[in-house]
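The structure appears right after this line, and notes come after that.
Side chains are part of it too, since the values below use all heavy atoms of this structure and drop only hydrogens, waters and symmetry mates.
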Amino acid sequence: MAAAPDHLFNLRNNFFLGAFQAAINNSDVPNLSPDDAVERDCLVYRSYIALGSYQLVINEIDDSAATPLQAVKLLALYLSSPDNKESTISSLKEWLADPAIANNAILRLIAGIIFMHEQDYNEALKHTNAGGTMELHSLNVQIFLKMHRSDYAERQLRVMQQIDEDHTLTQLANAWLNLSVGGSKIQEAYLIFQDFSEKYQMTSLILNGKAVCCMHMGNFDEAETLLLDALNKDAKDPETLANLVVCCLHLGKPSSRFLSQLKLSHPDHMLVKRSSSAEESFNRAIQSVA
């Protein structure tokens, strides 16, 4: 039997590679089954979330929407304001305790994303570890890399390769693992991002991927060019700004403007927290000497 055509392939691919506006603009796909229509809507609303349009998602998804969409709305609520975090997490835990919906793949995925934001990796894995979709497997790879367990990340990658070696998420997970392992694997990661840039629309995600590989290989001039190109696409992208700070420091160029932009648009970013804590330690050291 021939496999049914995958109507959502392009939409999914745009989302996975960070072409969020393209995902939204090309989401009017005809002849979708009810399940595919829900998946389509989830991808569109998650694209809006990625672009920072949290309120649009919160306003448009009402209480009668399907469980996956309700889960996406929870993510928008969680990210929209620090004041919402506690109530969102308690709602999430209630849903995960309900056997009727706890096994929903999108709900488990959103739980993994939220607990990963909270840096509660064990809690995240409780919901994602069983896998079931390529996105859940790729999220597991990310979580294991955050935990500095590249051995477990590699096992997840093997599972993904057995399911579909050419899948965009399999390739991305492979690149993340290669970057984490380092050494000769950096060149392999670079080739994956290079392949994406030849096949698909250039996005901040692809440009940052190539730039990080270049920085690992000591090619900071090329990395800077790629990152400035990424900044033209999205002036507030936290990874682009953070990578530019690091790149400029290596090139001996001023990085304070990029750090200021990062502080303004993403005060919770790890680099902002680290630089603030370093500044505080430095000031305390000066006071103790003075």
Side-chain angles (χ1 to χ4, degrees), residues 4-118 120 123-140 142-143 167-169 205:
D6 183 355
H7 297 297
L8 296 177
F9 176 82
N10 289 331
L11 176 57
R12 252 189 242 111
N13 229 37
N14 278 328
F15 177 75
F16 295 152
L17 290 171
F20 302 117
Q21 196 60 54
I24 293 164
N25 294 350
N26 301 303
S27 61
D28 190 11
V29 185
N31 307 321
L32 292 180
S33 69
D35 283 353
D36 281 352
V38 169
E39 186 186 348
R40 186 262 320 269
D41 293 347
C42 284
L43 288 164
V44 168
Y45 284 126
R46 287 173 66 199
S47 297
Y48 277 117
I49 290 173
L51 294 171
S53 302
Y54 308 126
Q55 206 52 51
L56 178 145
V57 177
I58 294 163
N59 293 346
E60 286 199 9
I61 298 176
D62 63 27
D63 294 343
S64 64
T67 301
L69 287 162
Q70 297 285 356
V72 171
K73 182 177 181 174
L74 268 188
L75 179 62
L77 281 163
Y78 171 82
L79 293 171
S80 65
S81 154
D83 303 339
N84 292 339
K85 285 189 176 179
E86 271 185 40
S87 61
T88 309
I89 289 170
S90 90
S91 298
L92 179 63
K93 286 182 173 171
E94 270 177 45
W95 293 11
L96 291 164
D98 178 349
I101 55 171
N103 210 25
N104 181 278
I106 296 284
L107 177 59
R108 286 165 49 220
L109 181 77
I110 299 297
I113 292 169
I114 288 177
F115 289 122
M116 192 163 96
H117 271 281
E118 290 289 305
D120 189 346
E123 188 62 33
L125 284 169
K126 267 190 212 170
H127 308 291
T128 61
N129 203 21
T133 67
M134 291 302 266
E135 262 205 283
L136 281 162
H137 288 303
S138 74
L139 186 60
N140 284 332
Q142 286 184 39
I143 295 168
H167 196 289
T168 299
L169 287 177
L205 182 146

Apply side chain to side chain contact (heavy atoms under 4.5 Å, CB included) to residues L107 and I101 and explain how you reach the verdict.
CA-CA 8 Å; L107 177 59; I101 55 171; 4.3 Å; yes
For H137, give me all partners under ring pair (Phe, Tyr, Trp, His ring centres under 6.0 Å), at least two apart in sequence or on another chain.
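Applying ring pair (Phe, Tyr, Trp, His ring centres under 6.0 Å) to H137 gives none.
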Are [X] and [Y] packed together at the side-chain level, in the sense that at least one heavy-atom pair is separated by less than 4.5 angstrom?
| X | Y | value |
| --- | --- | --- |
| L51 | I24 | yes |
| M116 | I113 | no |
| N14 | N25 | no |
| L43 | E39 | yes |

Can you name the salt bridge (Lys or Arg N to Asp or Glu O under 4.0 Å) partners of R40, sequence neighbours left out?
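R40 satisfies salt bridge (Lys or Arg N to Asp or Glu O under 4.0 Å) with no other residue.
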With K93 via salt bridge (Lys or Arg N to Asp or Glu O under 4.0 Å) - residues at least two apart
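Not a single residue meets the salt bridge (Lys or Arg N to Asp or Glu O under 4.0 Å) criterion with K93.
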Could you pull out the closest heavy-atom pair between [X] and [Y], with the gap in Å?
| X | Y | value |
| --- | --- | --- |
| F20 | F15 | CE2-O, 3.5 Å |
| L96 | A102 | O-CB, 3.1 Å |
| P99 | A97 | CD-O, 3.2 Å |
| A124 | G112 | CB-O, 3.7 Å |
| Y45 | V57 | O-CG2, 3.6 Å |

Using 0.5 Å steps for rounding, measure from the [atom1] atom of [X] to the [atom2] atom of [Y].
| X | Y | atom1 | atom2 | answer |
| --- | --- | --- | --- | --- |
| K126 | D120 | NZ | CG | 7.5 Å |
| T128 | I143 | OG1 | CD1 | 4.0 Å |
| I58 | S53 | CD1 | OG | 10.5 Å |
| H167 | F9 | NE2 | CZ | 7.5 Å |
| C42 | L11 | SG | CG | 10.5 Å |
| L8 | D36 | CG | CG | 5.0 Å |

Any idea how F115 and H127 line up, ring-wise: parallel (<30°), tilted (30 to 60°), or perpendicular (>60°)?
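Correct class here is parallel.
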Give every residue pair that meets the side chain to side chain donor-acceptor pair (under 3.5 Å) criterion with at least one member in residues 95-106, sequence neighbours excluded.
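Pairs touching residues 95-106 that pass the test: none.
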Exactly one of R46, R12, R108 should register a salt bridge (Lys or Arg N to Asp or Glu O under 4.0 Å) with E135. Which one does?
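That would be R46.
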Would the distance check show the side chain of N26 and the main-chain N or O of A22 forming a donor-acceptor pair, the cut-off being under 3.5 Å?
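It does hold such a pair.
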Please tabulate, for side-chain N and O atoms in residues 74-81, each donor-acceptor pair with protein atoms closer than 3.5 Å (sequence neighbours left out).
unit_1	atom_1	unit_2	atom_2	d
Y78	OH	E118	OE2	2.6
S80	OG	A76	O	3.4
S80	OG	L77	O	2.9
S80	OG	N84	ND2	2.9
S81	OG	D83	N	3.0

Under the side-chain contact (heavy atoms from CB on, under 4.5 Å) test, which residues partner A65, sequence neighbours left out?
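side-chain contact (heavy atoms from CB on, under 4.5 Å) check on A65 returns I61, D62, L69, Q70.
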